[in-house]
2 protein chains.
Amino acid sequence: MARAGLTTERLIRAGAELADEVGFDQVTVSALARRFDVKVASLYSHLKNSQDLKTKIALLALEELADRGAAALAGRAGKDALTAFANVYRDYARQHPGRYAAAQLRLDPETAAISAGGKHAQMTRAILRGYDLTEPDQTHAVRLLGSVFHGYVSLEMGGGFSHSTPDTQETWSWTLDALDTLLRNRPAT
Amino acid sequence: MARAGLTTERLIRAGAELADEVGFDQVTVSALARRFDVKVASLYSHLKNSQDLKTKIALLALEELADRGAAALAGRAGKDALTAFANVYRDYARQHPGRYAAAQLRLDPETAAISAGGKHAQMTRAILRGYDLTEPDQTHAVRLLGSVFHGYVSLEMGGGFSHSTPDTQETWSWTLDALDTLLRNRPAT
DNA sequence: CGATTTGCCTAAAGCTATTAGGCAGATGCA
DNA sequence: TGCATCTGCCTAATAGCTTTAGGCAAATCG
């Protein structure tokens, strides 16, 4: 029997694609084996277990998001940076819903530490350099931006805003305007 | 053999408690049967299937949240109402993490229609009566509030804000202040 | 008090996760 | 090139969750 050429790398990538196609919670070792036309047990040489698979997909998604975020921020500042960064999240979630869901997976502290999660917070801080915030306002603002981006994207994806006017693109622009105004008007303490 | 006295009602309540104890995704027909010291198949006279169980827990959570929201809004307006309502979400999520997770379950349109989901949007609109917003700003604002509440609570619960100063209570108050300011300063179009 | 209803049970099949051990194709060394 | 080793994927087996079908006994009703 010809070998399938499995590697952890390939499995994670395929798992991420599978997540985008059928949803992150439908990502299963069995489904992945099926996709490679291989027996389930074969994957266990490359993956510790099912949780390991999911965690690694989450880490991949976080990295991809961080890379896109960094690219979006390059050469931008102020509202321009804010908008570009926010759109990275929203667009990523639309293009890769399964990966986006994976990125929300709760990671244990050691795993979180080696993840790209820290980069996300740093990039948000970078955006805030364009506004005149000092601590602790800056931290509050980092958290606010995270909340709005995640909350909005998550509700929009979940269909929470569906079949109502005006359309969600308008609300998204309105929201980014509002955040920009908010950050500009909150004076340094 | 004495009968266990199962009813759909009791199963859903026990399922909600189970969700709070072990997490919503660990809620399983088997675990529920174990809790009633009954065989798994017995639950299928009261529940269509596993999905049905989860959906019903979600509906329960949405109702409970709506009831608490309504109670919080009674006799309040403006920032007072905003704060009280926001705290309902946050407190509910802290007290009932499993139920809160259940409330985020994606419902199919028919189920969503009979859920308390509509009440949530209406209550948010009620809060906005204290601010001077006209359409379409009002709809944008409803979505913004939903995003911030859900996003914040979800990140906080997920440990996204952990081990960093200042503590999350401060950020929460800061966020509600910021939203209040934002809504007050956005003039009617 | 007997007849019917209904609640919980046994049995069985299918899917997922995970581990142990085996065979054959790939690789390395002479 | 030929042989030995190693590694990759396989078979087999156990265990848990889901769901359906059919049965028996407890509750209920006339």
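Order of the sequence lines sets the chain letters (A, B, ...), proteins ahead of strands, with each chain counted from 1.
The closest side-chain donor-acceptor pair between A/D180 and A/Y131 falls under 3.5 angstrom. Under 3.5 Å, the side chains of B/D52 and B/T55 contain no donor-acceptor pair of N or O atoms.
Proximity note for A/V38 (side chain, C-beta onward) versus D/dT18, D/dC9, C/dA11: the nearest is D/dC9. The side chain of A/H46 sits closest to D/dC9 out of D/dT20, D/dT11, D/dC9.
Taking atom CG of A/L6 as the reference point, atom C1' of D/dT7 lies 12 Å away to the nearest angstrom.
OP1 or OP2 of D/dC17 has at least one side-chain nitrogen or oxygen of B/R34 nearer than 4.0 Å. Between A/T28 and the phosphate of C/dA17, there is a side-chain N or O to OP1/OP2 separation shorter than 4.0 Å. Not one side-chain nitrogen or oxygen of A/S30 sits closer than 4.0 Å to the OP1 or OP2 atom of C/dC15. Contact annotation: A/S42 does not reach the phosphate of D/dG8 (side-chain N/O to OP1 or OP2, under 4.0 Å). In this model, the phosphate group of C/dA17 is approached by a side-chain N or O of A/S50 to a distance below 4.0 Å at OP1 or OP2.
Panel note: side chain A/T124, backbone A/H120; a donor-acceptor pair is recorded below 3.5 Å.
For the pair A/R90/A/T168, a side-chain contact is recorded, criterion being any heavy-atom separation below 4.5 Å from C-beta on.
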